[in-house]
Structures are given as structure tokens and as C-alpha cells.
Amino acid sequence: MSAPANDVQDYVGFDTITQQMERKFLKRGFNLNVILVGESGMGKSTLVIRKTTEIAPVTQMLEENGVRVKLTIVDTPGFGDQCNNEGCWVPVIKYIKDQHAAYLERELKPNRERIIVDTRVHACLYFLNPGSRGLRPLDVEVLKRLTEVTNVIPVIAKSDSMTIEERTAFKRHIKEELAFHRIMLFPYASDDDADDDRVLNASIRELIPFAVVGSEEVIEVEGKLIRGRRHGWGVINIFDETHSDFVHLRNFMLRTHLSDLIEVTSQRHYEQFRTSQLRQIKELRAQQAAAAASGGAPPAQPQVPLSVMQHQPMTQV
Amino acid sequence: MKEGSGEDQNVAPSMYSHVSRPSSHRNKNARKGLPFNVMLVGESGLGRKTFLNTLCESTVITASEVTNAEQAHIAEPMQFKNYTVEMDEDGMKIILNIVDTPGFGDGIDNEQCFMQIQEHLELQFDSVLAEENRIKRNTKFNDSRIHALLYFISPTGHSLREIDIELMKRLGSRANIIPVIGRSDSLTPRELVLFKQRVMSDIVSHNISLFNFPDLNDEDEDAVEENSELRAMLPFAVVGCEEVINEDGRPVRVRNYPWGVVQVDNDEHSDFDRLRYVLLNSHISDLRDRTQNELYEIYRTEKLSGNTSVLANNTSQAVISAIGA
């Protein structure tokens, strides 16, 4: 059989678009903003450089083969540390929503920047207590609220006091309880997922919660330098997969799912926030109009200042 | 202080023998069994149950098998659960009465817990007070006053948390508090030393009253030295485990990790053995005595003086009307 006459024989080179896109992203670099939620002493400090006394971000630039990631970590000191922890999640949720609001405000400006500075929280590492049997009442309350506004990744830090059997049982209980409470964690299943995405996501879900052992120390073991913890009965190497899920967590966040975390934040959590904000403003305008007409008091302001919204055409949502 | 009889220091001593330690013979009621009441307080997951089971070398408290996810997270109000175990310690019979407090600190709002425990402790004092003042007293009266309150601290590695400080402050005058670090195998040796120092400094700065291994007899040099060592060990770092393996034909209690094996009875791995000896042997009398002669007496005076009676405080009429109140 001879080839059809209209076959493209010459090489045009439009396949270089992938490299062009890559170069564009690489030049821009990535911003990854992560918030750590957990009581003090749960091991968050092994993941941050400097301690803070309030919810404030600490930034570190990571670079690998020309790809720059600006990693910003926000700690939540004081969370869950009181005798009465009612409402301790409020400042955390507020921080996350404030970042969405700030982005929305910038996005709505008539003269907005070409590349909007993105402080939105892309991932929330939620620290579970290794001793408990499963989720504590506080965990359930907080996780329900956190998963509504950001990508949540549960983590067991300081898992060096759990044997492998205990770890396996704990992970199983946690997964059962999360499913029971319908708490949706990242990565979310999507119909668009390719088969290998599905497989990868399934293996991530198996590991959750990540049992990590963190360490800022470099110690010497048999002539080699490793990052780990030296106990009286042995040395934990945080990069050893049989000791800790640290490598898996790091790959998950910084390698395989880095762009997913950013994209999902933008397309799912941010959009949800934006929609609800704009709806509120629309209702607010209607109320204001009604109040002005009847001479009553103006209603309360929404999170995004109304001034920003003045020139926005309110299309039907 | 390990009085080895030439044993290899790296092998955990068998949990069934205390031949290598000096034992105390300050005991009474050898035949009937000496009642010793211990309360365990601490959030779940810090190893209270395991500690008790390890202490008694049997499964006293079984892990509740909650199989359905629905109930698992529900904040149960704190309960007081009683267990009794007969122990034989160096030939001395002890009736160990344990009060466990499951649910302590597990809810979102835990402020009620302190009051509940305080009331429980005072209730035991009240029943002794009532009994003491009866016209016809029961010689077989069951004394349920708590002789030792083991408080489990979370191994955060930082310092005491608000709940720790509140509890110990409020109950220090009602029971002999012995602070214990649960799951201490999550801390490296260096972290443990620093943590212990910080905890003790917090305790001092908050004026918390503990069972501080007081020297009751200054002339007993060995005891004075022992007490000072024990004071330096506070809080006791415990690792509990219920798994027993056979090592060289001897039973050894261990926790198996991929990076090593923790031996519960090895003094370098945990203070468990030492604490056990304090509770069931060397200081059992001191703990009972302090409860009876100091803590109870303080409570009694407080309770009786607080009573607005027409007659003077120390007359029997004041006492009788106090009991009636």
C-alpha cells in the first residue's frame, strides 16, 4: 500500500512547544506556599528554619538544574496547645482565606500586574499525634474545615516511637475515619486522570498519613554522613524508606505533584472562594441599593473591599 | 545505680529478678497485703495502659477494640476506671489498686478534667475523714486515698504544656505527683536530658509541688544518696511494652524498630525499672506515709477550719458538725 499523498513529510518543529513552555515556566520559577498545622512538639520545627511566634511565613529558595522553587513555609504556633482549644482553628482558616482574598483583590485591579504575586496556600501539612489510636475530636473538627479551603496532606511527624505494626494499624484507622467523616484529601480523584496518574495517586493514598521522622542534624554513621536521629539503640536515617516516609513526602510535594498542588489551589479552592465572595458582594450591592432606597443603615462589608469591585461588571453567576 | 554482680551491662536484666538491687524492708501487713493506690493521668496515646500492663507483667487493661470508625473519634468524657492487681514484690504482698482516667485531655475543651480529678481525690479524703470521726469505727476500713499520682507528659521535647502545668499545680497538694515522660523512646538521649531539665525548671518556676523524694531520715546516708539520684532522674522517662521475647533463654521486654531494639528494662533505654522499684519497693512506704501524714492532714485542717461553727475549731463538736455538713 502506498502512503497517502497528503502526508506531511517535512519536519516543521512544532513539537518544540513543550520546550518553549518549559523555558517560560522555568524562567518564572514556582512559588510553593505550605502551611504547617499542629500542636507544638509534634515535629513541625524539623521542617522549618526559624521559629515564629505568630502565623508568619518563612521563605527559602530551592534550585535544581535551573528550576527555581520559592518555598514559603508558614508555621502555626500555639495551635491546639491550650487546655481549651475551642476555636483554635479560626486564625488558621482566616490566614488561608486572607491569602485568597489578597489574590482576588490583585486580580480584580484594573491595572493589575502581569504576574500576580501568589501567596495562596498550596498545601497544608496537618500533623497527627502518633500516640492516639486514630483521629482525635480536635483533628476531625479542624480537618473538616481545612479541607474546604486548601489541599490537606496529613502527616505523622516524630513517628520514631511507632513500630512498623503500630504505624500500619494507625494509618489504617486514620484512613477509615477520614472516609467515615468524608474528609477529602489531596490528591483528589478526577475523571481527567490518565491511568498512570491514577496509579500514582493510589499509591500516594496508600501512604497517607505520611509517617515522617524529621531531622536538622547531620550525623556520622560508619564513616558516612546522613541526616538522622541517633538513639541509644540505633540510628534513624530519615532518607531510608524503611525508617520514614520522608522521601515519599518530599517527592510527592516537590516532584510529582508540585504543579498539581499549585493548579488545584488555583482552579478549585481559589475559584470556590472567588465565587462565594463575588456572590456576597452582589448580594451586598443589592442590599445597599435597597437600604439607600429606604434610607436604612448600610450592611457589613465583605472580605474584599467593595472599592475594588466598583468597576466590575456584575455578570450573572 | 546498677549494682551489677558481674553481669554484662548490655544485656537487660531479667524482669523477674531484683537480686542485684538492695531491697527495702520497710513494710507492714506482710500477710494481708499492703494496699497501694495509684492513679494514672495523661492523654491517650502516652502509654498509660501499656505502662500498667508492663508494671504488672500481665494484661490488666485491654486495649478497647473499637472497630467502627464512627465511635473512634468521639470525645468521651473522662472516666475513672478501677483495677486491682495482687503483686508479689521481693516476698512482700501488695494489693495494687489502680485508678485510670481515660478521656483526660482528649477533648477539645479539657478544663473540666482538673476539677473532676480534684474532686475524686478529695472524695477519698472525705471518706477517711468521715470514718475517722465515727463513733464506732470500722477496723477493716478500705482506704482508697491515692498514694501516688503518675502524670504522663507528652514527649514534645520543648517544655510543659498548659494542660500539664494546670494539672500538676492544682493537684500537687492532694496527691504525691510523680511526673513521667510517656513514649520516651521518641527522644534521643540528648533531647531527653534537655527536656527533663526544661520540665523541672518549669515545675520550679510554677511552684508545682511534687513527690520530691524527701529525706525522712538524714542519718541514713544510702537513702539520702538514693533520694538525690532519684530527684535528678525526674521526670521518669518510660517506655512500656507488652511484647516479651526470648533472649538467651531469658524473657526480655522489647520494642522492635527497623533501626534498633529498645529494651524496656535496660536502664540506659528507659527509667521504667527504676520507677517500678520506687513504686513497689523502695518508696512505697514513703508515698503512703506522705499521703497519710502530710497531704491528708493538710486537707483535714482545711476542711475542718473552713467550717463556720459556733464552737472553737478543735472541739469534737466542730468535728461532728463538719461531718454532718
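Below, read A as the first sequence line, B as the second, and so on, with proteins coming before strands; counting in each chain starts at 1. All of these numbers come straight from a predicted model, not from anything done at the bench. Atoms considered below: every heavy atom in the structure, side chains included; atoms not considered: hydrogens, waters and symmetry mates.
Taking every heavy atom of both residues into account, A/E141 and B/I108 meet most closely at CG-CD1, 3.5 Å. Smallest separation of non-hydrogen atoms from A/H243 and B/P258: CD2-CB, 3.8 Å. Nearest heavy-atom pair, B/V262 versus A/W233, reported as atom, atom and distance to 0.1 Å: CG2-CE2, 3.2 Å. Shown here for A/R230 and B/P189, the closest heavy-atom pair between the two residues is O-CD, 3.4 Å. Contact record, B/D106 with A/P137: O-CD, 3.4 Å, taken as the closest heavy-atom pair. Contact record, B/S186 with A/R229: O-NH2, 2.7 Å, taken as the closest heavy-atom pair.
Checking side-chain atoms of A/K158 against main-chain N and O of B/T156 turns up a donor-acceptor pair under 3.5 Å. Between the A/E86 side chain and the B/D109 main chain, no donor and acceptor come within less than 3.5 Å of each other.
Here the OG-CZ distance, from A/S40 to B/R161, works out to 7.5 Å after rounding to the nearest 0.5 Å. Between atom CD of residue A/Q82 and atom CD of residue B/E111 there is a gap of 9.5 Å, rounded to the nearest 0.5 Å. Distance CD/B/E162 to CG/A/N84: 9.0 Å, rounded to 0.5 Å.
Heavy-atom pairs under 4.5 Å with chain A were tallied for B/L192, B/T188, B/V261, B/N110; the largest tally goes to B/T188. For the set A/N237, A/D81, A/I236, the count of heavy-atom pairs under 4.5 angstrom toward chain B peaks at A/I236. Your options are A/S161, A/G234, A/G131, A/G41, and the one with the most heavy-atom pairs under 4.5 Å with chain B is A/S161.
Taking the six-membered ring for Trp, B/W259 and A/H231 have ring centres at least 6.0 Å apart.
Sparse packing is recorded around CD of A/E206, with 12 or fewer heavy atoms of other residues, nucleotides or ligands lying under 6.0 Å away.
For B/E191, the part lying near chain A is the side chain, with the backbone staying farther off; criterion is any non-hydrogen pair under 4.5 Å. Contact annotation for B/N256: only backbone heavy atoms (N, CA, C, O) come within less than 4.5 Å of a heavy atom of chain A. Only the side chain of A/R167 comes within contact range of chain B, judged by heavy atoms closer than 4.5 Å. For chain B, no part of A/M42 is nearby; none of its heavy atoms comes within less than 4.5 Å.
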